[in-house]
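What's counted below: heavy atoms across the whole structure, side chains too, no hydrogens, waters or symmetry copies.
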Amino acid sequence: MRNGTGRGGLDGPGRNSHRITYLKSARGRTNMQVASRLQVDSVEEAGERGGTIIVRCVGGLPRVGQTYTLEEGAGSGTGAPHFVLNRIERYPDVFVDVFGPPHAARVHVSGASPASLSRGIVITSTDDGDFIPEG
């Protein structure tokens, strides 16, 4: 169905819940900017300056080098921890630079300790999201 409801429609899981902004390109076309969102499944390793987390992509296209923080309403703010995505492992010893929904991956982050993260928490990219041309 393409009417915005049901399987395959526009209102699928997580489709309406991510941060979207619209930007004008140099040619006057509108581009949609979608923030990458990762849902925590488990924390495998947690050190003082980073660790390893099992996540599921629930929006956008997470890439190596992006910075993430807790999603709005989940304790985010000026004192919220920030994580930099350093490595994405899709399968044992198979590393990629980017992945998308609904896939899961083992990711290594640096910055704050992921020890405070628990199952179900969503972290959102704070830097520029993915540009998806409209029209």
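Here the straight-line distance linking atom NE2 of His82 with atom OG of Ser110 works out to 12.5 Å at 0.5 Å rounding. Summarising the geometry, atom CZ belonging to Phe99 is positioned 12.0 Å from atom CG belonging to Asp97; distances are rounded to the nearest 0.5 Å. Rounded to the nearest 0.5 angstrom, Arg87 CZ and His108 NE2 are separated by 5.5 Å.
Taking 4.5 Å as the limit, some side-chain heavy atom of Leu70 sits within range of a side-chain heavy atom of Ile123. Counting heavy atoms from C-beta outward, Val64 and Ile88 have side chains that approach closer than 4.5 Å. Here the side chains of Ile54 and Glu44 are in contact, with some heavy-atom distance below 4.5 Å. Put simply, the side chain of Gln39 does not reach to within 4.5 Å of the side chain of Val55, judged on heavy atoms. Side-chain contact between Phe83 and Leu117: present, with at least one pair of heavy atoms (C-beta onward) separated by less than 4.5 Å. The shortest distance between side-chain heavy atoms of Asn86 and Val84 falls below 4.5 Å. The shortest side-chain heavy-atom distance between Tyr68 and Leu38 falls under the 4.5 Å cut-off.
When all heavy atoms of Leu61 and Gly100 are compared, the pair lying nearest together is CD2-CA, 3.8 Å. The two residues Ala104 and Arg90 make their nearest non-hydrogen contact at O-NH1, 2.6 Å. Heavy-atom minimum distance, Val43 versus Pro114: CG2-O, 3.5 Å. The shortest heavy-atom contact between Arg56 and Pro102 is CG-O, 3.6 Å.
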Using distance only, find each side-chain donor-acceptor pair of residues 46-53 under 3.5 Å and give its atom names and separation, not counting sequence neighbours.
none

